[in-house]
Amino acid sequence: MSEERSLHFLEEIIEADLAAGKHNSILTRFPPEPNGYLHIGHAKSICLNFGLAQKYGGATNLRFDDTNPVTEDTEYVESIKEDIQWLGFSWKQELYASDYFEQLYQFAETLIQKGLAYVDDSTSEEIAAQKGTPYTTGVRNKFSERTVEENLELFRAMRAGKYKDGEKVLRAKIDMASTEMLLRDPIMYRIKHAHHHRTGDQWCIYPMYDFAHGQSDSIENITHSICTLEFIPHRPLYFWFIEQLGIFPTVQYEFARLNLTYTVMSKRKLLQLVNDGHVNGWNDPRMPTISGLRRRGYTPESIRDFCDKVGVARRENLIDLGLLEFCVRNHLNKIAQRRMVVFDPIKVVISNFESKLEWLPTENNPEDENGGVRQVPFTKELWIEAEDFMENPPKKYFRLAPGQMVRLKSAYIITCNEVVKDAEGKVTQLNCTYLPNSKSGEDTSGINVKGTLHWVSAAHAVPVEIREYDRLFTVENPAAEEGDFKDFINPNSLHMISNAYAEPALAQATAVEHFQFVRKGYFKLDEDSTADKLVFNRTVTLKDTWAKTAQK
RNA sequence: UGGGUUAUUGUGUAACGGUAGCACGACAGAUUUUGGUUCUGUUUGUCUAGGUUCGAAUCCUAGUAACCCAACCA
């Protein structure tokens with residue numbers, strides 16, 4: 001952390017504002033709509049907003065942008081709060097745009113009184129048609145000529161519930177000829193006779209995003225309102241409302257949202273995956289949601305590190321999934337408990353092993369001096385990984401083969417003497433001998449072997465279920481493909497192994513631990529585990545340079 | 001046919017007129033009782049064409065490409 005790092009553009013802006021005395025301290029906000037679960041893209045925004053406030057001694061509000069009751073729900077509110085806290089951030093105040101409904105309503109009346117807003121009876125289609133296109137100018141209709149009194153009366157009647165959904169809207173009177181589509185008399189309020197998750201049936205008119213967000217920022221005295229690039233066209237409107245209302249001038253700044261390869265990052269698409277059953281819920285370990293990543297075994301530290309590494313700028317980007325995986329391996333390598341688990345077992349019989357059982361010490365984490373050791377049982381019959389034996393090995397294959405020696409991790413060097421096959425010629429058992437003087441830690445054999453294998457004593461093996469995950473999509477950027485993004489779902493994104501053999505220590509696994517199954521990858525206990533069967537999710541594989549070498 | 005935003009190695013991101021750097025990836029080597037980790041080294045880039053300047057990724061001019069804007073979504 002000692003290396004100099006240049007500031008990104010938002011840090012520069014904040015430092016300039018602070019230096020100029022524009023603000024004494026900064027206040028940011030994270031403004032999710034409670035209509036879905038948070039994903040890794042939100043994590044970038046969370047790290048940015050909370051991180052900036054932390055860095056410059058300010059604070060961050062959590063404000064739910066709950067202006068559309070038909071899509072929003074408290075289920076989402078709860079999940080969002082949990083995810084932010086899990087990521088390691090705490091907000092100054094928990095707020096809701098709906099807290100300001102009365103104030104926003106008064107703001108609307110103010111604008112009506114200033115002759116800057118009017119009630120429009122047009123249909124949605126008519127309004128769209130009158131709005132024009134980006135290339136042609138829009139036209140104003142006769143409703144825009146209503147008097148202040150008439151507008152006030154109508155708007156109050158809207159609030160009072162005199163009209164049905166869609167019958168009328170309140171519009172800002174700005175400029176139907178503006179090259180900015182959003183300035184062509186944007187809708188401020190629409191009628192929705194819908195139950196709101198917080199205000200209940202108190203309201204039947206709800207403000208649009210543009211008439212809620214900027215004013216909410218202003219009411220809270222947010223100094224820097226940070227959002228994504230697609231809101232750039234909203235900025236003139238954001239300022240317009242603040243200026244006309246004469247309220248605290250929060251400034252909006254935009255940055256480029258995070259995109260990740262082999263996944264999708266829109267709540268709409270993620271919702272489809274959930275609803276259509278392509279995944280098992282928002283927290284499916286294959287989802288890019290915070291809850292999915294958490295269940296899969298990602299750590300908050302690794303996600304924060306990732307968000308830090310991707311940077312903050314204003315150009316479109318598509319981040320390599322490999323960077324996220326690098327970050328989680330990097331962290332997990334330091335904290336994960338090592339355990340031995342055989343996924344695809346083949347029997348090894350040590351013919352010259354005379355004692356019944358020997359307990360051998362092995363380190364829990366070679367990266368951690370204080371990680372301690374545990375005992376693993378060694379017996380005559382063991383399981384090793386089927387892929388760790390080859391009858392006719394290629395060059396540089398450092399594993400078991402007829403006549404070839406390997407080290408069993410933390411145990412002895414063994415030699416394969418005999419290959420036992422069944423009627424179909426399938427290898428069923430390997431008869432081996434061990435070198436008694438090659439015991440780990442007290443090896444006097446003088447023999448150096450290249451390969452070290454993980455293994456499990458057959459008599460002590462604990463059957464566990466393993467869930468291996470792969471990328472959710474087969475193409476780098478499914479959202480950019482022609483046609484339905486769901487056509488590119490990876491059919492092999494989940495691979496289950498129902499009977500893997502684990503060393504006995506793993507039976508005591510808890511939900512808070514992260515494991516490295518030696519030579520296999522990083523794993524975490526899944527919530528589907530029962531007393532009878534433990535289930536482990538593969539967070540990420542280990543880097544596998546042998547796989548690359550073997551391919552050549 | 002309008003307006004806005006953005007262009008630096010395979011992917012991200014710095015350089016604020018003065019040696020194009022960093023991370024991930026890739027490649028090569030060393031260490032290793034995890035073919036993991038760690039360490040060392042190598043590799044590839046300023047969208048194009050002009051111009052200003054002793055000197056341009058940076059300033060100017062003209063192009064090109066990508067993305068966003070025509071929900072009573074946010």
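Keep in mind that this is a model prediction, so the values were computed, not measured. First the proteins, then the strands, lettered A, B, ... as listed; each starts at 1.
- Of the inter-residue distances, the one linking A:I447 atom CD1 with A:I413 atom CD1 reads 5.5 Å to the nearest 0.5 angstrom.
- OP1 and OP2 of B:G25 both lie 4.0 Å or more from every side-chain N or O belonging to A:R329.
- Relative orientation of the A:Y209 and A:H234 rings is perpendicular, given thresholds of 30° and 60° on the angle between their planes.
- Of the possible polar contacts, one joining the A:N364 side chain to the A:G371 backbone as a donor-acceptor pair under 3.5 Å is found.
- For the pair A:T452 and B:U33, the criterion of a side-chain N or O lying under 4.0 Å from OP1 or OP2 is not met.
- Straight-line distance between the C1' atoms of B:U44 and B:C27: roughly 12 Å, to the nearest whole Å.
- A:T67 comes within 4.0 angstrom of the backbone, heavy atoms only, and of no base.
- Toward the 5' end of RNA chain B, the nearer of the two residues A:E167 and A:V312, judged by each one's closest nucleotide, is A:V312.
- Nucleotides B:G3 and B:U19 have their P atoms positioned 38 Å apart, rounded to a whole Å.
- With centroids closer than 5.5 Å and planes inclined by less than 30 degrees as the test, A:W546 and the base of B:G35 pass as a stacked pair.
- Using bins of under 30°, 30° to 60° and over 60° for the plane-to-plane angle, the ring pair A:W203/A:Y105 lands in the tilted bin.
- Residue contacts shown for A:Q516 include a base, since a base heavy atom lies under 4.0 Å away.
- The side chain of A:S6 contributes no N or O atom lying less than 4.0 Å from OP1 or OP2 of B:C16.
- Taking the six-membered ring wherever Trp is involved, the centroid distance between the rings of A:Y262 and A:F473 does not fall below 6.0 Å.
- A close approach under 4.0 Å does occur between a side-chain nitrogen or oxygen of A:R315 and OP1 or OP2 of B:A14.
- Dashed line: the shortest gap from a side-chain N or O of A:K548 to OP1 or OP2 of B:C27 is under 4.0 Å.
- Residue A:R268 places none of its side-chain N or O atoms closer than 4.0 Å to OP1 or OP2 of B:C73.
- The side chain of A:R314 contributes no N or O atom lying less than 4.0 Å from OP1 or OP2 of B:U5.
- Both A:K396 and A:N317 lie close to RNA chain B; mapped to their nearest nucleotides by heavy-atom distance, the more 5′-ward contact belongs to A:N317.
- A close approach under 4.0 Å does not occur between any side-chain nitrogen or oxygen of A:R5 and OP1 or OP2 of B:G21.
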